Amino acid sequence: MRLIGFSTGALARGDFRRALDILHRRNLRAVELSALRFDELEPLVDALPDLDLHAFDFVSVHAPSRFAPNLETTVLSLLHRVARFGLPIMVHPDVIYNAEKWQSLGNNLLIENMDKRKPIGRTRHELEPIFDALPAARFCFDIGHVRQVDPTMTEAVLMLRAFGDRLGEVHISEVNTASRHDPISLNAVHAFSAVAARIPETVPIILETLLDQGQSDIDAEITRARQALTIPQNAFHVRRPVPTP
Amino acid sequence: MPQSADSVSYIDQLQTKLNRQWTAIQKARLDSGTRRTELRKIFSLRNSPDTSLVVFGSVARAEVTGSSDLDWILLVDASALPEHKAQELSIQGTLADKKLIKPGKSGVFGKMVGSHDLVHEIGGEDDLNSNTTRRVLLLLESLPVDGIETYRRVRRQILRRYFDDDRGLFYGSGDVRIPRFMLNDFTRYWRTVTVDFVYKQVADRDQKWALRNAKLRMSRKLVFASGLLQCFFCHLDPKADEARRALRTKDNSVLTEYFETELSMPPLETLAKACLIRNVKPETASNIFDNYDRFLAILDDEPKRDDLEPAQSHDALRSSAAWREVSEVSRPFHRGLVSLFLRDDNELRDLTMEYGIF
């Protein structure tokens, strides 16, 4: 059975402790600690040694999605502190200003494919030079982003064909035309299921559906994510599990 | 993003190989480049998500001549908004201000078009003539002025419909993989054009008969030939090897990407590619390209075009030197195509016999 959890930012924006409480109470065993805003990173890194994460089988950290180039060194030094805990770090490719500096994160670094608003990282072709520059980096496959860019899911298949052997985490939600993370619709379930067999069952699934304003609820989103990513019997493209680093 | 197939000029390579100078084709390519740049500049401030201003015809085929008109649609792939109508009117107004020649009266172009029918109405009673035309031409001769993401998204959706619904691609018993559903749609479009040509003789009281006839014999036929070749390349082109391998595992994503790239080539480039990569005799290639070059020269010659424009019948054309020239180029061009598909190359002949006729 797939390991499915939540991004803390989706459950309680800016309050990872409260989000962790919610997940504990639900007995969910995968979490992505969100520091999407630059100001959230340092408090999160400072709190890491004391956070009770033992109940989780999978923990990752999402790096800030926007900061100025002059803050790259600061961000990287904080992320190196995260890497010391052995945690995977999700990064948006458009904040990798100097790829050489990010190489030292090795395979702790996971590059995420982008939504249509971003100028890079949206397609396999746009991701190729990024992985070329960061050969040890792994892949965070955002299935909602790729569907927003290409509803036929052709791009999703092409990405998984190209980078499936680097796959370390999947983000799932419905990404609407304004690029907000909405509850997963039935159309999305249908579209996502087309690539389910290409995602090994061992890869953790992180829900990014925003629930902070009662848009949906945890159980409904987990049910839909599970439904979307169930590997059909006799599927052609079942990918072997990727060894964890 | 797929690498643009445009970047390789097969026409230039063929011209060198045959030691020819196709000056009218070269001029049309340059003029098309200028027209495309001009259009992109005119509409550079048009920033409208989920829409794309798409042009068809000579601009897309890289065959612009002096009096080329401008066929366009505002492609909408989004929720319906009142602003889309305002955009349509604004495009019409801008093009009129710039004195760019309006599309014909058929109603196929010069308006906003939603993506739903293009993608979902392939075949069946609701696949109107105009819908088929837009869909097929969106694949075979179109160019986005802006909104390239929307344009790509819709084209990809259409391709996926053709491939997802084509069981022969996945379950065919032999080794040959031809996108037959798409091929049949291309063929249907071409036959519709030929039937409508006769219909318009009556409906339009033969207005523009000669020009329409000339285009039918040359540019319309060229577009169909290029579509047929693209379908056959799925089996013959070494660049499609990976796509064919992926089909064996029920994966048509690579094929979709292959066609997106290849269909971005203007039709003449596709024909030049066939002449280069297949066993095509030099005289066949010359018959096609020498005569197409002369055809574009006729269209680019104002007096000759003026001579053709008002002619409404064979009788009216008997004294027309321009029409005689059109006849002189269209026959060897046709013979060239027949040789390309049915005589020179055994595999192309076999595919044409197997898939192109019945």
Side-chain angles (χ1 to χ4, degrees), chain A residues 93 113-130 141 143 145-164 175-180 182 185 187 190-199 231-240, chain B residues 1-5 7 47-52 76-81 83-84 115-116 118-120 122 139 147-165 169-171 242-243 245-261 263-264:
Chain A
N113 59 294
M114 293 288 87
D115 66 42
K116 67 179 184 182
R117 292 171 306 174
K118 296 293 177 79
I120 60 167
R122 294 165 297 186
T123 62
R124 179 193 63 167
H125 285 283
E126 289 178 357
L127 285 168
E128 267 167 1
I130 299 159
F141 178 56
I143 196 168
H145 283 171
V146 75
R147 178 172 173 253
Q148 186 209 35
V149 170
D150 174 19
T152 68
M153 300 302 278
T154 303
E155 201 60 56
V157 176
L158 295 172
M159 271 184 198
L160 289 168
R161 282 175 67 98
F163 313 120
V175 179
N176 69 17
T177 52
S179 298
R180 273 181 64 85
D182 275 352
S185 68
N187 288 339
H190 184 260
F192 295 165
S193 65
V195 295
R198 294 177 182 272
I199 300 169
I231 299 177
Q233 284 189 335
N234 308 321
F236 243 91
H237 304 285
V238 182
R239 191 180 272 278
R240 287 193 304 280
Chain B
M1 194 181 305
Q3 196 185 1
S4 167
S7 55
N47 175 20
S48 168
D50 299 324
T51 71
S52 175
V76 180
D77 186 40
S79 318
L81 296 174
E83 290 77 12
H84 290 149
S115 59
H116 277 237
L118 295 172
V119 175
H120 297 297
I122 305 183
L139 295 183
I148 190 154
E149 277 136 25
T150 306
Y151 171 80
R152 282 205 183 115
R153 200 165 61 226
V154 174
R155 268 168 55 110
R156 189 173 272 193
Q157 301 246 39
I158 294 169
L159 287 172
R160 283 306 290 257
R161 277 297 318 281
Y162 284 132
F163 302 153
D164 285 349
D165 298 350
L169 275 178
F170 291 149
Y171 302 106
E242 197 193 338
R245 273 196 300 276
L247 284 175
R248 285 187 215 133
T249 60
K250 313 279 181 283
D251 175 1
N252 58 25
S253 59
V254 189
L255 186 72
T256 306
E257 195 182 39
Y258 167 80
F259 269 102
E260 274 185 289
T261 308
L263 289 171
S264 301

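Fair warning: this is a prediction, and the values are worked out from it, not measured in the lab. Protein chains get the first letters and strands the later ones, always in sequence-line order, with residue 1 at the start of each.
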| said: Using heavy-atom distances under 4.5 Å, tell me whether B/Glu149 contacts chain A through its side chain, its backbone, both, or neither. | reply: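 Side chain only.
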Practice problem: Identify which part of B/Asp164 has an atom lying under 4.5 Å from any heavy atom of chain A, answering side chain, backbone, both or neither. | Solution: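 Neither the backbone nor the side chain of B/Asp164 comes within 4.5 Å of chain A.
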- Query: B/Arg160 and A/Thr154: side-chain donor and acceptor closer than 3.5 Å?
  - Reply: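 Yes, side-chain donor-acceptor contact under 3.5 Å.
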To the nearest 0.5 Å, what is the distance between OG (B/Ser253) and CZ (A/Arg124)?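 The distance works out to 8.5 Å.
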- [ ] Enter the distance from A/Met153:CE to B/Thr256:OG1 here, rounded to the nearest 0.5 Å.
- [x]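 Reported to 0.5 Å precision, the distance equals 13.5 Å.
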- Look at B/Arg152 together with A/Glu155 and state whether they make a salt bridge at an N to O cut-off of under 4.0 Å.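 Here B/Arg152 does not pair with A/Glu155 in a salt bridge, since their nearest N and O are not under 4.0 Å apart.
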Would you mind checking if B/Arg153 and A/Asp150 are paired as a salt bridge, meaning a charged N to carboxylate O distance below 4.0 Å?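 So A/Asp150 does not pair with B/Arg153 through a salt bridge.
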Inset, instruction - Kindly determine whether B/Glu257 and A/Val157 satisfy side-chain contact (heavy atoms from CB on, under 4.5 Å), including the steps that lead there. - result: CA-CA 11 Å; B/Glu257 195 182 39; A/Val157 176; over 6 Å; no
- Task: Kindly indicate whether the side chain of B/Thr150, heavy atoms from C-beta on, has any atom under 4.5 Å from the side chain of A/Lys116.
- Result: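 Counting from C-beta outward, B/Thr150 and A/Lys116 never come under 4.5 Å.
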